[in-house]
Amino acid sequence: MVINLKLREDALLAKCLGRRICQQCGGNFNIAAIDFKGEDGRPGICMPPLLPPPQCASKLITRSDDTEEVVKERLRVYHDQCKPVEDFYRARGKLLEFDLPGGIPESWPKLLRALHIEDLDNKQSAAA
């Protein structure tokens, strides 16, 4: 089985444009706060920012290639190259399309349910 993690393009673009790197420690952060309401059959999505600790806040930089034009071109190339692969697995009934409802805390349990897998880490930490 192949899992195709899907994210609304407007949310993906915002997250890519919100990426920041700390010049001092090299940590990766994201200042984009995504809160799109569902409309026209598209699901809503909420992804809070991944903010840096105080010691990194004044040292954040943006990658030079994280511009709207470059990100849109990356997405176009990605879609062009992935479509034949998606079509291949879809035709064989081996493609699971999974719309991301938000960040990892919102998406992980729903993905596990879609795969009929229990979250063993969550159960172990809850039992500890």
Side-chain angles (χ1 to χ4, degrees):
M1 175 178 285
V2 174
I3 304 168
N4 186 17
L5 301 176
K6 299 180 80 167
L7 184 61
R8 288 174 43 167
E9 194 150 319
D10 51 354
L12 186 55
L13 181 62
K15 288 305 272 187
C16 287
L17 295 177
R19 292 191 298 189
R20 299 293 185 273
I21 301 167
C22 176
Q23 293 180 68
Q24 185 173 333
C25 74
N28 289 292
F29 307 98
N30 200 298
I31 61 168
I34 307 296
D35 189 10
F36 297 136
K37 305 297 179 218
E39 56 187 44
D40 299 326
R42 295 191 319 176
I45 186 164
C46 183
M47 299 174 86
L50 207 61
L51 297 175
Q55 66 270 22
C56 296
S58 65
K59 300 170 182 73
L60 298 182
I61 58 170
T62 304
R63 288 176 24 171
S64 61
D65 62 339
D66 274 351
T67 65
E68 187 168 348
E69 180 181 323
V70 171
V71 171
K72 283 182 175 181
E73 177 61 13
R74 275 191 226 136
L75 292 173
R76 186 196 63 74
V77 169
Y78 173 82
H79 291 298
D80 288 351
Q81 292 181 351
C82 288
K83 185 170 179 355
V85 176
E86 290 172 15
D87 291 344
F88 175 85
Y89 286 104
R90 187 178 295 111
R92 286 155 182 77
K94 301 286 185 186
L95 182 67
L96 172 65
E97 303 264 11
F98 184 78
D99 288 311
L100 294 168
I104 294 170
E106 300 83 15
S107 299
W108 184 246
K110 291 178 181 182
L111 177 58
L112 292 178
R113 278 195 298 276
L115 294 170
H116 308 291
I117 298 174
E118 291 186 48
D119 188 353
L120 298 177
D121 289 338
N122 199 18
K123 284 188 176 192
Q124 288 172 351
S125 65

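In this text the structure is predicted, and so the values were computed from the model without any measurement.
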Transitive ILVMFWY side-chain link V71 to L7, under 4.5 Å:
yes
Can you tell me how far CZ of R63 sits from SG of C16, rounded to the nearest 0.5 angstrom?
8.5 Å
Sorted by chain and residue number, the side chain to side chain donor-acceptor pair (under 3.5 Å) partners of D66 (sequence neighbours excluded) come out as R19, R74
Quick check: is M1 connected to F88 through a chain of hydrophobic side chains (ILVMFWY, heavy atoms under 4.5 Å apart)?
no
Least distance between heavy atoms, I45 atom then L100 atom
CD1-O, 3.5 Å
Do you know the tightest heavy-atom contact between G103 and E106?
N-OE1, 2.7 Å
Ignoring hydrogens, what is the shortest heavy-atom contact between S64 and T67? Give both atom names and the distance.
O-CG2, 3.8 Å
Check this for me: does any side-chain nitrogen of one of E73 and R76 sit under 4.0 Å from a carboxylate oxygen of the other?
yes
Can you tell me if CD1 on I3 sees more than 12 non-hydrogen neighbours from other groups inside 6.0 Å?
yes
If you measure from CG on L50 to CD1 on I31, what distance do you get to the nearest 0.5 Å?
11.5 Å
Please determine whether residues F36 and I104 belong to a single hydrophobic cluster, defined as Ile, Leu, Val, Met, Phe, Trp and Tyr linked transitively by side-chain heavy-atom distances below 4.5 Å.
yes
If you take all heavy atoms of P52 and A57, which pair is closest and at what distance?
CG-CA, 4.0 Å
May I ask you to check whether over 12 heavy atoms, not counting those of F29, lie within 6.0 Å of atom CZ?
yes
Tell me, please, which residues at least two apart from Q24 pass side chain to side chain donor-acceptor pair (under 3.5 Å).
none
Using atom types as modelled and distance alone, determine if a side-chain donor or acceptor of K59 lies under 3.5 Å from a backbone N or O of Q55.
yes
Is it the case that more than 12 heavy atoms not belonging to K72 sit under 6.0 Å from its NZ atom?
no
Joint cluster assignment, Y78 & L5, ILVMFWY side-chain distance < 4.5 Å
no
Side chains of R20 and T62: closer than 4.5 Å at any heavy-atom pair?
yes
Partner set under side chain to side chain contact (heavy atoms under 4.5 Å, CB included) for A32, not counting sequence neighbours
K15, N30, I34
Can you name the closest pair of heavy atoms from E97 and N4 and give their distance?
OE1-ND2, 3.0 Å
Please report the interatomic distance CG(L96) to NZ(K6), rounded to the nearest 0.5 Å.
11.0 Å
Is there a chain of hydrophobic side chains (I, L, V, M, F, W, Y, each step under 4.5 Å between heavy atoms) that links F98 to Y89?
no
Do C56 and C25 touch side chain to side chain, with heavy atoms closer than 4.5 Å?
yes
